[in-house]
Protein chains: 2
Amino acid sequence: MKRIVILYGLALAVLVFLLKYLEYRLIVHDLSIEFYIGLVALFFTGLGIWAGLKLTRKQVVIMGPDFLLNEAELNRLGISKREHDVLELMAKGLSNKEIADKLFVSLNTVKTHSSNLFLKLEVSRRTQAVQRGKELRLIP
Amino acid sequence: MKRIVILYGLALAVLVFLLKYLEYRLIVHDLSIEFYIGLVALFFTGLGIWAGLKLTRKQVVIMGPDFLLNEAELNRLGISKREHDVLELMAKGLSNKEIADKLFVSLNTVKTHSSNLFLKLEVSRRTQAVQRGKELRLIP
DNA sequence: ATTCAAATCACCCTTTCGGGTGAAGGAATT
DNA sequence: AATTCCTTCACCCGAAAGGGTGATTTGAAT
């Protein structure tokens, strides 16, 4: 941002000096003022486009790869660490058995966690839980 | 696009005429050429920023609310209309029975569709089907 | 020390899902 | 006319998921 403003100042100064120099040297004095204006307009249009994109590109990029976990919602619903783990693996399409293996616990434990999770998320199916989890940004 | 180019031409023309007018009227002739250049630079910088954003805004906007169905992939996998319907409702977290009611068909029909769907998507669970469907942009 | 939440697991039972097979009607293509 | 695909539905069976209850352990807070 600061760099862009400075660049603008510099560009303007350089342009003015250049024009003054040419004016005094009388090299291209016969060229009309309209020509200079056209040049300046063209140059600053390009600079404007570039600056505009530069200044707003971040808003485009950050929409893609980043995910910020909504811990506030997580606490509000009272979802525990383990329950959150289960939800994450659910969202990856794993079965309860596969989740159990991945977390090194028994199938029954996963079922308990998922049951409690469904209560807290106010859903009754794992697909709904995943949906809701994404809505509330509990999972990517 | 065309409108923007025309607008540019007009802006330039108007500006030149304005300057010429002022020059002959000698109203503000004592103002230096640098002042004019500064004005022009400022104006076209703004115009440039606006044009740049206008021309690229679409790339920003489409990331948000709109969804374009990937029909190519749909055809490649040979997924039929009905199967796609089932997938959509699955993604909303509905059970097979609920899907059956919504589509006015029997539960068995939905099961047939979902089975065929799983084969075509190469998955074995509805959560995975939903995942895959979103990846391939078959569903929003 | 007691209370409490989290995590772990078990057992029961019902519902839902998924896989396999078969079949019938209709539309489109060859 | 024959073929192919879509859609619809049925039945069976086993696996997975979900609901309910109860129990143990552990660590943290009161």
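Scope of the values below: all heavy atoms of this structure, side chains included, with no hydrogens, waters or symmetry mates. Note on naming: letters A, B, ... go to the chains in the order of the sequence lines (proteins, then strands), and numbering restarts at 1 for each one.
Of the possible polar contacts, one joining the B:Arg82 side chain to the B:Leu103 backbone as a donor-acceptor pair under 3.5 Å is found. Judged purely by atom type and a 3.5 angstrom limit, B:His84 has no side-chain atom pairing as donor or acceptor with the backbone of B:Ile79. In terms of modelled atom types and a separation under 3.5 Å, the side chain of A:Gln131 and the main chain of A:Thr127 share no donor-acceptor contact. In this structure, the side chain of B:Asn70 engages the main chain of B:Leu136 through a donor-acceptor pair within 3.5 Å.
Going from atom NZ of B:Lys92 over to atom CG of B:Leu87 covers 11.5 Å, rounded to the nearest 0.5 Å.
Of the residues in residues 122-140 of chain A, those placing a heavy atom less than 4.0 Å from an atom of DNA chain D are A:Ser124, A:Arg125, A:Arg126, in numerical order. DNA chain C lies under 4.0 Å from at least one heavy atom of each of the following residues of residues 91-99 of chain B: B:Ser95, B:Asn96.
In this structure, the side-chain contact (heavy atoms from CB on, under 4.5 Å) partners of B:Arg76, at least two apart in sequence or on a different chain, are B:Glu73. Every residue two or more places apart in sequence or in another chain that forms a side-chain contact (heavy atoms from CB on, under 4.5 Å) with A:Asp101 is listed here: A:Lys97. The salt bridge (charged side-chain N to carboxylate O under 4.0 Å, His left out) check on A:Glu135 picks up A:Arg132, with sequence neighbours excluded. In this structure, the side-chain contact (heavy atoms from CB on, under 4.5 Å) partners of B:Ser106, at least two apart in sequence or on a different chain, are B:Asn108, B:Thr109. Applying the salt bridge (charged side-chain N to carboxylate O under 4.0 Å, His left out) test to A:Glu98 and every residue at least two apart in sequence or in another chain returns B:Arg125.
The side-chain hydrogen bond (donor to acceptor under 3.5 Å, both in side chains) contacts involving residues 110-123 of chain A comprise A:Glu83-A:Lys120, where partners must be two or more places apart or lie in separate chains.
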Nucleotides 24-30 of chain D: protein proximity per nucleotide (B base, S sugar-phosphate only, - neither; heavy atom, under 4.0 Å): -------

If a protein heavy atom is under 4.0 Å from the base, mark B; if only from the sugar-phosphate, S; if neither, -; do that for nucleotides 7-13 of chain D going 5' to 3'. SBBBB--

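Minimum heavy-atom separation, B:Val130 to B:Ile139: O-CD1, 3.7 Å. Between B:Phe118 and B:Met90, the closest heavy-atom pair is CZ-CE, 3.6 Å.
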Yes or no on side chain to side chain contact (heavy atoms under 4.5 Å, CB included) for A:Leu68 and A:Arg137, after CA distance, side-chain angles and deciding distance? CA-CA 7 Å; A:Leu68 282 177; A:Arg137 299 199 302 106; 3.9 Å; yes

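The end-to-end axis angle of the helix from C:dA1-D:dT30 to C:dT30-D:dA1, rounded to 10 degrees and based on five pairs per end, is 40°.
One atom, CG of A:Leu119, and another, C1' of C:dA6, lie 15 Å apart when rounded to the nearest Å. Summarising the geometry, the separation between CZ on A:Phe118 and P on C:dT16 is reported as 14 Å, rounded to the nearest angstrom. Following rounding to the nearest Å, B:Leu87 (CG) and C:dC17 (P) show an atom-to-atom distance of 14 Å.
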